[in-house]
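All chains are named by letter (A, B, ...) in the order of the sequence lines, taking the proteins before the strands, and each is independently numbered beginning at 1. Keep in mind it's a predicted model, so treat the numbers as computed, not measured.
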Amino acid sequence: MSDQSYDPTAVEAKWQARWAERHTNEPDLDNAERPFYNLMMYPYPSAEGLHVGNFYAFTGADVHGRFRRLQGYDVFEPMGYDAFGIHSENYALKVGINPAELIPRNIANFRRQLKALGAMFDWRHELSTTDPSYYRWTQWIFLKLFEAGQAYKKKAAVNWCPTDKTVLANEQVIAGACERCGTMVEQRFLEQWFFRITDYADRLLANLDDPSKMDWSPSTSSAQRNWIGRSDGAHVDFATHTGPIRVFTTRPDTLFGATFMVLAPEHPLVDALTAPAEKAQVEAYRLAAAKQDIVSRKIGDKEKTGVFTGGHAINPATGESVQVWIADYVLMEYGTGAIMAVPGHDERDFAFARKYKLPIVRVLASADEDGSTPLEEAAPDVEGGHLVNSGPFSGMPEAQGFAEIVSWLEREGKGKGVAQYRLHDWCISRQRYWGPPIPIIYCTDCGAVPVPEKDLPVLLPALEDFRPDDSGVSPLARSTEWYNVPCPKCGKPAHRETDVSDTFLDSAWYHLRYLSTEFADRPFDPHRVKKWLPVATYIGGNEHAVLHLLYARFVCMVLHDQGYLPFDEPYRKFRAHGIIVKDGAKMSKSRGNVVVPDQYIARWGADTFRMYLMFLGPFEEGGDFRDEGLAGPRRFLDKVWDLVEQCERQTLMGVELRHEIVVKWHQTKKKVTTGLESLSYNTAIAALMELMNALRASNCAAREIVKDVIVMLAPFAPHFAEECWERLGRETSVFEAKWPTWDEGLTLELRIDVPVQVNGKTRGKITVQRGAKEDDVVAAALRDEAVRRFIDGQRIKKRVWVQDRLLNLVVG
RNA sequence: GCCCGAGUGGCGGAAUGGCAGACGCAGCGGACUCAAAAUCCGCCGGGGGGCGACCCCCGUGCGAGUUCGACUCUCGCCUCGGGCACCA
């Protein structure tokens, strides 16, 4: 290869073939000594192929995996396909081809692209969620959750997308519209399977703050906290003639200011409370509220409306009778579906009270007030506030009032302190075709019977017509020979559940399956689980912060509690990568600025493309993709190529190293290592470029330095590094090499240019030996003409000497 | 409204409280060439001064503060990106 210029196409083809032949990227899963599970989010195999965002994420994760490999870990880096789900099915509907036919084609294209990237995927463990050998175990997981009492069926108001003709999880509804097609969702009532993720709300929250279990990007943890949405407050019972109405409040300290109550229109006590005279208007209001979709109900800034039921309740604190209203700003699905209205200290209640002329009482006042002045607007936060008009609690600071009213309620049996969560149970039913059938059989005698494990998988029947319809029943019901089965318990005629499960159930456990894809008789092998899990590093997009990542944690916890897993958090370290934009704008088909990776790889080579992606900005922040930018990394690789050639020609005598070069070399090893550790790939690459420039400037092609450059380059440009390694006369893969270490002492220069400041402004510079004494430096500084000019005979009041860094003289 | 990020040259971006602008792109000037590309060398935040090696002033979204010293820390704002939101 000598004397030839760098030809990425040839180099990449050669090394990809060798890696496959030599099984370079296939760790021994049973006997690995230092297992390191490097996971990235698997893609859904679209017809368009992988886009640059996928390549960015995968490259960043692969760089990390290759770095760990070079540090001596046995790295397992698998890849697969999230091929079930609405996205795949909708596309199949659009082109009129069964997804079972379409998906393998898309996967073949994805595999081709993934191989071109040159990542260290272990192809022996590739998986697709649509393989019966995979979804058999997805169904098994459903059964385990069912056994644990974590799966249940209920009729519920659900988000129905009229375009996709299916139920959507709350997480899939964005601003009232289907996240996929943008259609406004409607409210429907259907029998659905749910998982009791709310049982785990506190644990899901607590583990986020446990560094021994989780080291996650703050943005991701924060998104999960918001999503779980814990509020601390109290349940309070208000007595009525038909029994108590229970409310949830986060402000028990304002209990004395509760001058009326509001129930959600659907609240079960409304009928009993409504006075005959008010019946007509209550019914009309309830009807109007029911017609609204779930979403527009929740739009916050609209005019408050409501009607009086004619009923009354007793405020347990004041003993006074208060009116009970219904209004659609109170939601049945949060808290108890009923509130105590405190108009003095809640904006919504205030607006409502003003509109319907209900009493407003002030129960909080700031330190210098007695609370006698009427409120002009709601005062939810009173700084340094204390309770007023609150009987025996008057005068107490807010926090104390909160605590004492709660304990008073508990003593009196009229309420108790509780936490409330925003999180809802996870609805996993989908009335669609392209998913794993939920393994349940309905029998008129035995009810919902789980399919016995030996009968798994429940195969998805081949359907000619797999279009969803408006009935709310899955297309699977159309296959009668599939639908009708004997009851596994009693043998009488029964029928299958026709819903399939949510795609997020597939992805909630794929990290468990990768390790054990060759085992047909178990979902995951316990020894491998113990050796390799939890995942050491997981890298992916933050769009999955509250969907996939929360569900995967939940499933892991349940499996742990059932004794299947020895840990309860699946991903020890998670890092969210940034987003790539093109020329400052979001990529979109309509804008025509979508970057298709293939053409860049064809033109520049995968290594240059990888380098550029990792160099264009901090990995966790993303960056701006500009075509011109690829030239930089490519020029850099060309220069390294030439340098390697110089080494090849070099005699064995080597090159005498100047101390500055040695320092630069050691500094680079340190910077690249720490940069890779913290995913600061852009600065790691910059450090390599600097070293390169220094070597060229001093015309120094020292073999031992060039060798290190190649090793440090290997995570970013693996094919290129392998080729250079070979040209340097090495016979094994560069990934068998040891990661370079540095000598801390050699990262420090011998002679240092110390800036001399006068009153904080740099006025001169003196060169000193490292370790120079303060007095000597000051003396030298005072000989400097520029420094003297600024001191100008003034007295030095203070001198600040930072060893080997800086001298600051304060005068005046 | 609440919660997480972020704001630095023409552009992407660097800077454990210690010389702001590393590295790269683009641009400009020069070398090589019949010419162009590639490559190599040099310049490259703004303003001002000096024939010149150089020198001075200003400058990291805005305003205060802490400090010998602030892109970095504190407080108060503004803008952008993301999450949550009639959530009681």
Only counting residues at least two apart or in another chain, list the ones meeting ring-ring contact (aromatic ring centres under 6.0 Å, His included) with A:Y600.
-> A:F609, A:F625

When all nucleic acid strands are considered with a 4.0 Å heavy-atom cut-off, which category describes A:R626: base, sugar-phosphate, or nothing?
-> sugar-phosphate

Pairing nucleotide - [N], Watson-Crick or G-U, each distance under 3.5 Å:
{"N": "B:rU66", "value": "none"}
{"N": "B:rA26", "value": "none"}
{"N": "B:rG1", "value": "B:rC84"}

Determine the Euclidean distance between corresponding [atom1] atoms of [M] and [N]; express it in Å to zero decimal places.
{"N": "B:rU67", "M": "B:rC73", "atom1": "C1'", "answer": "10 Å"}
{"N": "B:rC25", "M": "B:rA14", "atom1": "C1'", "answer": "15 Å"}
{"N": "B:rU8", "M": "B:rC80", "atom1": "P", "answer": "14 Å"}
{"N": "B:rC75", "M": "B:rA20", "atom1": "P", "answer": "26 Å"}
{"N": "B:rA6", "M": "B:rU60", "atom1": "C1'", "answer": "14 Å"}

Rounded to the nearest 0.5 Å, what separation is found between the CD atom of A:E620 and the OG atom of A:S678?
-> 8.0 Å

Side chain to side chain donor-acceptor pair (under 3.5 Å) between A:D627 and A:Y612, worked out | CA-CA 10 Å; A:D627 289 0; A:Y612 174 61; over 6 Å; no

Pair A:W325-A:F352, ring pair (Phe, Tyr, Trp, His ring centres under 6.0 Å): steps then yes or no = CA-CA 10 Å; A:W325 288 61; A:F352 197 82; 5.5 Å; yes

Report, as a single string ordered 5' to 3', how protein heavy atoms within less than 4.0 Å touch nucleotides 14-28 of chain B: B base, S sugar-phosphate only, - not at all.
-> SSB-BB--BBSSS--

For A:Q667 and A:W665, does a side-chain donor sit closer than 3.5 Å to a side-chain acceptor?
-> no

Calculate the interatomic distance between A:R789 atom CZ and B:rC57 atom P; express it in whole Å.
-> 10 Å

Base B:rC68 paired with A:K797 side chain (donor-acceptor, <3.5 Å) = no

Ignoring backbone atoms, establish whether A:K761 has a side-chain N or O less than 4.0 Å from OP1 or OP2 of B:rC58.
-> yes

Can you check whether A:R230 has a side-chain N or O nearer than 4.0 Å to OP1 or OP2 of B:rC87?
-> no

What pairs with A:D638 under salt bridge (charged side-chain N to carboxylate O under 4.0 Å, His left out), at least two apart in sequence or on another chain?
-> A:R634

Electrostatic pair A:E660:A:R751 at N-O distance under 4.0 angstrom = no

